[in-house]
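The structure presented is a predicted model; accordingly, all values stated were derived computationally and were not measured. Here is the naming used below: chain letters follow the sequence lines, and residue numbers restart at 1 for every chain.
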Protein chains: 2
Amino acid sequence: MGKINQERREEILSAALRIAENGGLAAMSMRAIGAEVGLTPMALYGYFASKDELLDWLVGRVLQEVPPPDPRAHWPERLLACARGARAAAHRYPRTFSVLLNRPVVLPEAIRAVDPLYGALMDAGIPHERVAGWERMFSTFVLGFAVSEVSGRFGEGNLGTRERRECLDPGELPAHHRLGEVLDLPVDWDAEFEEGLARLVAMIEEEGAGTA
Amino acid sequence: MGKINQERREEILSAALRIAENGGLAAMSMRAIGAEVGLTPMALYGYFASKDELLDWLVGRVLQEVPPPDPRAHWPERLLACARGARAAAHRYPRTFSVLLNRPVVLPEAIRAVDPLYGALMDAGIPHERVAGWERMFSTFVLGFAVSEVSGRFGEGNLGTRERRECLDPGELPAHHRLGEVLDLPVDWDAEFEEGLARLVAMIEEEGAGTA
DNA sequence: ACCTGAACACCGTTCAAGT
DNA sequence: ACCTGAACACCGTTCAAGT
């Protein structure tokens, strides 16, 4: 077991990432990945037991691109750095990033990515038994926002919203009708992300201060 | 165009949902769906232009199972009802629910599901131009939490966490090491969801009161 | 330790044809 | 309007074989 060429494995994962970003996750077949690195598809099974396992490793590959925060910075800056780094990775790999939310991650890379968050929350004064819960809140917001953004769930720059709204019975959509054109205003996604983040940090500070 | 048997369409979507829940999303092939409703796979293309479009409709099918809140209830209760209804749907369809976060939803059902949230936020006193942003925060939390729960991202009841932690260099995971056994405590997911929800509602109330 | 070729049981989708 | 059968170009994966 185990004595397999690690560099080659990284090379394969990078190829998979490249293919997914160029043609979408559906284009990322074992055959396509193999061709990209100059191998038969069957050769990949020497590095990954199945395509499913390859996808697990791909989660780790994406997580590696979220740089760990500077440990000398104050805890709010460390939280912000993790959050912004994760969102930046989502923008860099918009077609692949959603795997982070879809797969039950049990990789070393996942634990390694969480550790700085635990550290920052403890430094904020959060009681130990509540650190994991706050980390879940924080990462759920960050990943949920980032995935919604790149998957288009938030609407693609609100194009076409108006038309779609109007082809529905207005009596069925009273709130949309009351809001009207306000819904077509452009959105500053950076600002919205930062505002949510700031609120979370403020809540963490408050809970931390209460027990300091 | 358009004059197609709607009941049959619903029947097909229910069959698709059934198959995905029994065997996972990967088992939901056009062939399997066809067989489940007693049709050739090709017959499905009379109802959906492609499997991708069928998946879009499936999002609507799942959203239909989130009951609209009682419009006579106070706005916080309406928000809570929507959130709990969505999470309940996630628990009912754990293997299918993640499609809600992965697909750019442009269906009437999606707009219909959002309308009660817009209404509640306006009744809370949120300025009109900030209603959509608050709705995104709220639904991101609800969907993100629910998807993380059913996809296993939060850890499967924390089983095996300890072992996984220990096979990593403890010097690389200082925060995990400091927290130690606290990380193995059981989690009350209902309570954690409700706590996050309560915080959101409190924040909404605060912003609404500031401009009332 | 690493890779290949042929083969198996599947996919989504098109197209011509049937009622 | 609705459905079928045959066919095309793909899948992931196994297995025996090669170096």
Side-chain angles (χ1 to χ4, degrees), chain A residues 1-61 95-96 98-99 102-104 107 151, chain B residues 1-61 95-96 98-99 102-104 107 151:
Chain A
M1 73 144 218
K3 214 69 219 169
I4 330 150
N5 190 340
Q6 292 289 346
E7 292 174 33
R8 188 71 126 164
R9 215 201 292 259
E10 293 299 323
E11 202 184 327
I12 293 169
L13 291 170
S14 296
L17 202 49
R18 217 155 43 231
I19 290 170
E21 286 306 320
N22 289 8
L25 269 177
M28 196 191 74
S29 66
M30 297 299 267
R31 287 165 154 89
I33 299 168
E36 181 85 4
V37 293
L39 287 176
T40 333
M42 300 67 106
L44 304 178
Y45 289 86
Y47 301 89
F48 310 96
S50 64
K51 187 182 184 183
D52 221 59
E53 195 187 293
L54 188 149
L55 279 167
D56 284 335
W57 284 78
L58 198 62
V59 172
R61 176 61 234 269
R95 311 175 92 160
T96 316
S98 63
V99 294
N102 288 338
R103 306 190 71 76
L107 300 171
S151 80
Chain B
M1 77 142 213
K3 211 72 223 168
I4 329 149
N5 190 339
Q6 291 290 344
E7 292 175 32
R8 190 70 129 158
R9 215 202 290 258
E10 292 299 323
E11 201 183 326
I12 294 169
L13 290 170
S14 295
L17 202 47
R18 217 154 44 231
I19 290 170
E21 286 307 320
N22 289 7
L25 270 176
M28 196 190 75
S29 66
M30 297 298 268
R31 286 166 155 91
I33 299 168
E36 181 84 4
V37 294
L39 288 175
T40 332
M42 301 68 106
L44 304 178
Y45 288 86
Y47 300 90
F48 310 95
S50 64
K51 188 183 182 182
D52 220 60
E53 196 187 293
L54 189 149
L55 278 169
D56 283 335
W57 283 78
L58 199 61
V59 172
R61 174 62 234 269
R95 311 175 92 159
T96 316
S98 64
V99 295
N102 288 338
R103 304 191 70 78
L107 300 170
S151 79

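Side chain of A/R9 to backbone of A/Y47: a donor-acceptor contact under 3.5 angstrom is found. Checked by atom type and distance alone, the side chain of A/E11 never pairs as donor or acceptor with a backbone atom of A/V37 at under 3.5 Å. Under a 3.5 Å cut-off, the side chain of A/R18 and the backbone N or O of A/E36 do not form any donor-acceptor pair. Judged purely by atom type and a 3.5 angstrom limit, B/S50 uses its side chain to pair as donor or acceptor with the backbone of B/E53.
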Using the side-chain contact (heavy atoms from CB on, under 4.5 Å) rule, take B/I33 and B/K51 through it: C-alpha gap first, then chi angles, then the decisive distance, then the call.
-> CA-CA 11 Å; B/I33 299 168; B/K51 188 183 182 182; 5.7 Å; no
Evaluate the criterion side-chain contact (heavy atoms from CB on, under 4.5 Å) for residue pair B/L55 and B/M28; output intermediate values, then yes/no.
-> CA-CA 10 Å; B/L55 278 169; B/M28 196 190 75; 3.6 Å; yes
Worked verdict on A/L25 versus A/R95 for side-chain contact (heavy atoms from CB on, under 4.5 Å) = CA-CA 7 Å; A/L25 269 177; A/R95 311 175 92 160; 5.7 Å; no
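What separates CD of A/E7 from C1' of C/dC2 is a distance of 15 Å, to the nearest Å. For B/I12 and D/dC2, the CD1 to P distance is 10 Å, given to the nearest whole Å. Atom CD in B/E53 sits about 14 Å away from atom C1' in C/dG12, given to the nearest Å. When rounded to the nearest whole Å, the span between CZ of B/R9 and P of D/dA1 equals 14 Å. In this entry the distance linking CG of B/N5 with C1' of D/dA1 reads 10 Å, nearest Å. Here the P atom of nucleotide D/dC11 and the CE atom of A/M28 are 12 Å apart, to the nearest Å. Between the C1' atom of C/dC11 and the CG atom of B/L25 lies a distance of 15 Å, rounded to the nearest Å. Between B/L54 atom CG and C/dC11 atom P there is a gap of 15 Å when expressed in whole angstrom units.
Side-chain N/O atoms of A/R61 and A/S14 include a donor and acceptor closer than 3.5 Å.
Contact check of residues 30-38 of chain A against DNA chain D (heavy atom, cut-off under 4.0 Å) returns A/M30, A/R31. For residues 40-51 of chain A, proximity to DNA chain D is found at A/M42, A/Y45, A/S50, A/K51, defined as any non-hydrogen atom under 4.0 angstrom from a strand atom.
One finds no side-chain N or O of A/R8 lying less than 4.0 angstrom from the OP1 or OP2 phosphate oxygen of C/dA1.
Separating the P atom of D/dC2 from that of C/dA17 is a span of 22 Å, rounded to the nearest Å. Comparing C/dA16 with D/dC3, their C1' atoms are spaced 13 Å from each other, to the whole Å.
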Annotated structure of DNA chain C as dot-bracket, pair cut-off 3.5 Å, Watson-Crick or G-U only, | for inter-strand, is ||.|||||...|||||.||
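Remark: B/S151 OG to A/N102 CG distance equals 6.5 Å, nearest 0.5 Å. Rounded to the nearest 0.5 angstrom, B/L54 CG and B/M30 CE are separated by 5.5 Å. If you take CG on B/L17 and CD1 on B/I12, they are separated by 13.5 Å, rounding to the nearest 0.5 Å.
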